[in-house]
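In what follows, chains carry the letters A, B, and so on, assigned in the order in which the sequence lines appear, proteins first and then strands, with residues in each chain numbered from 1.
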Amino acid sequence: MSPDKMIHMANQIAAFFNTQPGGDGAEKVAAHLSDFWEERMRRQLFAHVDAGGDRLDPLVLAAVAHLRQPAGQTPDA
Amino acid sequence: MKDFIIPWDDTDFGTPAKSGAPVSLIVDGIEVTVPEGTSVMHAAAEAGIQVPKLCATDSLEAFGSCRLCVVEVEGRRGTPASCTMPVAEGMVVHTQSERVRRIRKGVMELYLSDHPSDPASCIAGRDCELHDMAAVVGLREVRYGPGDNHFQPERDGRDNPRHLPRDESNPYFTFDPAKCIVCSRCVRACDDIQGTYALTIEGRGFDSVVSAGAAGDDFLTSDCVSCGACVQACPTDALIENRVIELGVPVREVITTCAYCGVGCSFKAELNGDQLVRMVPHKGGKANRGHSCVKGRFAWGYANHRERILNPMIRDRVDEPWREVSWDEALGFAADRLERIRKEHGNKALGVITSSRCTNEETYLVQKLARAVFENNNTDTCARVCHSPTGYGLGQTFGTSAGTQDFDSVEHSDVIIVMGANPTDAHPVFASRMKKRLREGAKLIVIDPRRIDLVKSPNVRAEHHLALRPGTNVAVVTALAHVIVTEGLADEDFIRERCDWDEYLAYAEFVRDPRHSPEAIEDLTGVPAAELRAAARTFAKGGNGAIYYGLGVTEHSQGSTTVMGIANLAMLTGNIGREGVGVNPLRGQNNVQGSCDMGSFPHELPGYRHVKNPEVRGIFERLWGVEIDPEPGLRINNMLDAAVDGTFRGLYVQGEDILQSDPDTQHVAAGLAAMDCVIVHDLFLNETANYAHVFLPGSTFLEKDGTFTNAERRINMVRKVMAPRNGYADWEVTQLLANALGANWTYTHPSEIMDEVAATTPSFAGVSFDLIDRLGSVQWPCNEEHPEGTPTMHVDGFMRGKGRFMITEYLATDEKTGPRFPLLLTTGRILSQYNVGAQTRRTDNMVWHDQDVLEIHPHDAENRGIRQGDLVRLASRSGETTLRAEITDRVSPGVVYTTFHHPDTQANVVTTDFSDWATNCPEYKVTAVQVAPTNGPSEWQEDYSAHAARSRRIAPAAE
């Protein structure tokens with residue numbers, strides 16, 4: 001998917017959890033991403049973070065630390 | 001082989017059942033006990049005695065006009081009508097005295113003196129109650145000659161002014177005034193059951209005639225919505241289905257379930273041999289209670305439409321014509337392509353889309369194909385684009401995505417919120433049931449940008465209409481909560497007992513903030529603060545409060561958040577866990593509930609259990625003998641993104657037209673075009689099939705056995721009415737495809753598939769075809785604890801334990817208006833058409849809606865020089881299309897509205913790929929657009945129609 005769309009989607013999730021109480025937003029964003037984002041999407045997110053994480057909400061960046069690295073192979077393009 | 005014909009009790013008790021203290025009486029020597037308020041006629045029927053009647057039927061309140069049902073009661077003078085007379089303790093009734101028999105004969109004689117006497121003229125034949133009653137009362141001759149009458153076209157060599165021509169304006173039924181006995185059953189059915197008030201009795205005495213609409217109207221031009229209730233109520237053949245006129249009275253019946261919306265009406269399919277003559281709503285159906293709408297009742301002719309594809313087809317490239325081939329060749333071709341993709345690109349390059357129109361059993365097999373044969377979780381369903389936020393939002397707050405009530409519940413509601421739903425168009429039979437309750441005095445609050453029919457229609461007025469600006473749902477819902485909390489209207493006893501109190505305190509502090517007050521958000525939402533406050537008070541203080549909502553809630557960037565906000569409102573006011581209250585998602589398609597239950601989502605196995613849970617995977621792994629992928633799969637929109645990226649290359653789509661129904665058509669087309677193998681399994685060459693390599697012909701709901709689950713979680717039986725014209729039921733086709741890939745499945749009947757669901761899924765543990773046959777239908781959860789199902793959820797506690805209040809902060813969508821796109825487009829449905837229209841466009845329903853139109857406010861139209869009916873260009877950041885303008889103040893200034901039933905308009909060319917934050921449910925309901933007059937179709941429309949024509953070519957069979 002386009003980087004813009006991926007960044008937009010990740011930031012939308014962060015925007016919701018930024019409004020939630022409890023101070024565990026990063027864990028919750030990470031849990032949401034593991035539960036609902038297929039590994040290709042998570043891998044794309046990791047790659048973007050590794051490249052500097054441009055335009056990502058700080059909560060997404062914090063969440064990545066809690067996120068499982070997707071295992072398994074990526075389908076070849 | 002199961003018996004197709006299920007016995008049921010079709011007794012007409014004459015007047016409706018009542019509830020009340022028991023009253024005993026004696027009818028013709030038989031003692032019978034009935035509830036207080038019951039009519040003598042109904043009591044007699046309970047005792048097995050049918051009192052002759054014409055104007056009475058138990059779907060309608062007694063009217064007392066025909067005088068055929070007179071009886072004698074000991075100790076009372078005269079001969080009262082048994083339909084209008086309530087029972088009294090100790091009453092002694094005689095239904096067959098010499099006196100009443102004489103009266104009845106006289107009454108019948110008068111009726112027949114103004115009715116054609118030629119038996120061949122009676123179309124209804126054995127269905128004609130008038131002739132039945134003549135036989136029952138023993139009338140042998142009519143002494144009166146044909147004097148002044150309504151049935152002879154000519155009298156004394158001149159036109160008979162009383163004889164009115166047949167009204168054949170409706171495509172599905174005919175009204176012949178010559179056959180009418182003016183019993184008013186049709187008028188009462190239209191008023192009391194359907195709630196449309198389209199019919200009336202014109203004139204008085206002998207001049208009385210049934211009339212549709214105002215003077216000069218016929219059935220088609222009147223307000224008639226063609227629900228068929230009048231036709232069903234008519235005791236003669238004055239109102240009768242054209243199919244019966246054409247084919248004769250049917251003699252065989254099979255009870256089945258409608259395949260249109262999420263109401264899931266039960267129907268009697270009435271046949272001669274294997275020819276379906278008509279569909280009549282089934283009185284025993286618990287969702288519809290004997291009512292229907294124009295779609296289920298009449299719009300099923302698509303099953304025999306000439307465009308239906310009956311043979312499998314393949315092609316190497318999508319720019320080639322289709323080639324008709326044998327099933328073996330088509331399945332072999334598909335299997336080869338899928339295997340090649342798997343070998344070259346890995347198993348995650350494959351996926352499926354299950355259908356919310358197919359049966360539970362078929363859906364279960366399609367997701368099983370992904371999980372057990374493709375060995376991934378790339379399965380999704382059209383619920384993604386409608387109610388996925390319901391799944392997430394209610395799951396977070398209540399612990400389950402299930403709607404909380406049954407439809408009967410509305411009969412106990414005192415205040416009803418309808419938010420982002422248009423039930424009279426999209427869930428018409430439920431709307432009729434709701435309107436009945438509203439006429440009894442329940443209050444209505446409509447939250448919708450558009451003035452839907454419920455806001456103001458005959459004898460129904462919304463107490464409050466909060467006409468909010470599209471995209472501001474969360475702000476409005478939070479402001480309602482603000483009023484309830486700050487004005488001390490919260491039901492704290494309920495909250496303390498049933499919800500997490502600390503979470504409530506945090507939530508209360510959040511909503512209390514003045515920035516959530518109606519005054520603070522008025523400019524944003526466009527809803528007057530006083531009106532919003534009044535609505536909140538009405539809901540919180542009005543007694544049983546029920547919330548019904550639809551896609552106007554879910555299809556937003558904050559869809560899931562609004563669902564949580566709705567759940568908050570219900571908990572806040574204690575409106576959960578009993579009849580008359582609750583949170584009720586109105587599901588779009590017939591089996592969208594079921595397709596979700598069956599594990600169609602890429603993160604959930606059947607029964608809403610996440611694939612990450614090893615114990616759940618274990619259940620299926622042991623049964624299926626494969627390892628289940630613990631990672632969530634791709635959602636529909638993610639599949640298309642991955643396809644464009646080149647990592648997703650093969651898709652099996654059963655019964656869904658993603659090209660037309662999903663947002664941002666050009667992106668969907670690009671995704672489909674990038675794949676190596678698209679298998680479309682459908683009735684017609686739909687829009688998606690333009691990009692398909694394999695077409696597998698599908699079967700209609702009339703041609704297979706299985707179950708659908710409606711919006712009430714009610715599992716209804718779908719019964720095979722005729723053999724599949726394409727050769728196989730859809731579950732068989734999926735099994736053939738799986739087996740072509742080496743799966744070795746051996747199901748011989750859908751009941752075996754349901755048995756597998758029951759064995760693996762706790763909420764379905766007690767479900768079987770035998771149980772459904774026995775009970776008629778069952779609402780899940782159905783298990784040891786609830787052996788006959790669960791009409792109301794969360795009765796003793798929430799599914800998750802304590803109800804959980806969620807913070808619902810309004811966040812503006814990124815789809816914003818500006819100078820280039822100053823208007824907001826929102827989309828919806830119309831009564832006569834269904835979804836992408838693949839079925840309804842292939843029926844006579846086209847007379848009501850032959851094209852999508854753009855509703856625009858007079859102010860916005862005038863600014864742009866647009867007149868009624870002008871062709872206009874509708875453009876957004878995603879694309880543009882053209883359609884005709886309908887100038888109306890139903891929409892507010894700044895808002896335009898259209899439907900998405902016609903592929904040549906294709907509203908989804910315009911919608912964007914923004915989506916719900918939690919579920920990726922597309923934001924169909926908010927698109928910034930511009931509208932301008934134009935001369936012709938957009939470039940996209942021209943290209944599309946040329947491409948579609950090219951893609952649909954079928955090569956002539958080789959000689």
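- Nearest heavy atoms, A:S34 versus B:P632: O-CG, 3.4 Å.
- Rounded to the nearest 0.5 Å, atoms CE (A:M41) and CG (B:D645) are 11.0 Å apart.
- B:L811 touches chain A through its side chain: at least one heavy atom from C-beta onward sits under 4.5 Å away, while N, CA, C and O do not.
- Contact between A:Q20 and B:I807 at its shortest, heavy atoms only, is NE2-O, 2.8 Å.
- Sorted by first and then second residue, the salt bridge (charged side-chain N to carboxylate O under 4.0 Å, His left out) pairs involving residues 15-32 of chain A (not counting sequence neighbours) are A:D24-A:K28.
- If you tally non-hydrogen atom pairs under 4.5 Å between each of B:V611, B:N378, B:N638 and chain A, the highest count goes to B:N638.
- At a 4.5 Å heavy-atom cutoff, B:F510 makes no contact with chain A through either its backbone or its side chain.
- Not less than 6.0 angstrom separates the ring centroid of A:F36 from the ring centroid of B:W917.
- A donor-acceptor contact shorter than 3.5 Å is absent between the side chain of B:E809 and the backbone of A:F16.
- Note: B:Y392 and A:H32 have perpendicular aromatic rings, judged against thresholds of 30 and 60 degrees for the angle between ring planes.
- Rounding to the nearest 0.5 Å gives a distance of 7.5 Å between CD of A:Q12 and CG of B:D916.
- B:R635 places no side-chain N or O within donor-acceptor distance of the main-chain N or O of A:W37, the cut-off being under 3.5 Å.
- For the ring-ring contact (aromatic ring centres under 6.0 Å, His included) test, no residue two or more places apart in sequence or in another chain qualifies with B:H482.
- Distance OG/B:S915 to NZ/A:K5: 7.0 Å, rounded to 0.5 Å.
- A salt bridge is absent between A:R40 and B:E631; no separation between the charged side-chain nitrogens and carboxylate oxygens falls under 4.0 Å.
- Of the two parts of B:A918, the backbone and the side chain both hold a non-hydrogen atom closer than 4.5 Å to a non-hydrogen atom of chain A.
- Residue with the most contacts toward chain A among B:T561, B:D913, B:V644: B:D913 (heavy-atom pairs, distance under 4.5 Å).
- Within residues 51-60 of chain A, no residue has a heavy atom under 4.5 Å from a heavy atom of chain B.
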Identify every side-chain donor-acceptor pair in residues 663-671 of chain B under 3.5 Å, counting partners at least two apart or on other chains, and give the distances.
from: B:T665; atom 1: OG1; to: B:N908; atom 2: O; distance (Å): 3.0
from: B:T665; atom 1: OG1; to: B:V909; atom 2: N; distance (Å): 3.2
from: B:H667; atom 1: NE2; to: B:D641; atom 2: OD1; distance (Å): 2.8

Please lay out, stage by stage, how B:H603 and A:D35 fare under the test side chain to side chain contact (heavy atoms under 4.5 Å, CB included). CA-CA 7 Å; B:H603 64 286; A:D35 280 356; 5.9 Å; no
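- There is no contact between B:M639 and chain A, counting heavy-atom distances below 4.5 Å.
- Residue B:S557 touches chain A through both its backbone and its side chain, counting heavy-atom pairs closer than 4.5 Å.
- Separation of atoms CE (A:M1) and CG (B:N637) is listed at 9.0 Å; rounding is to 0.5 Å.
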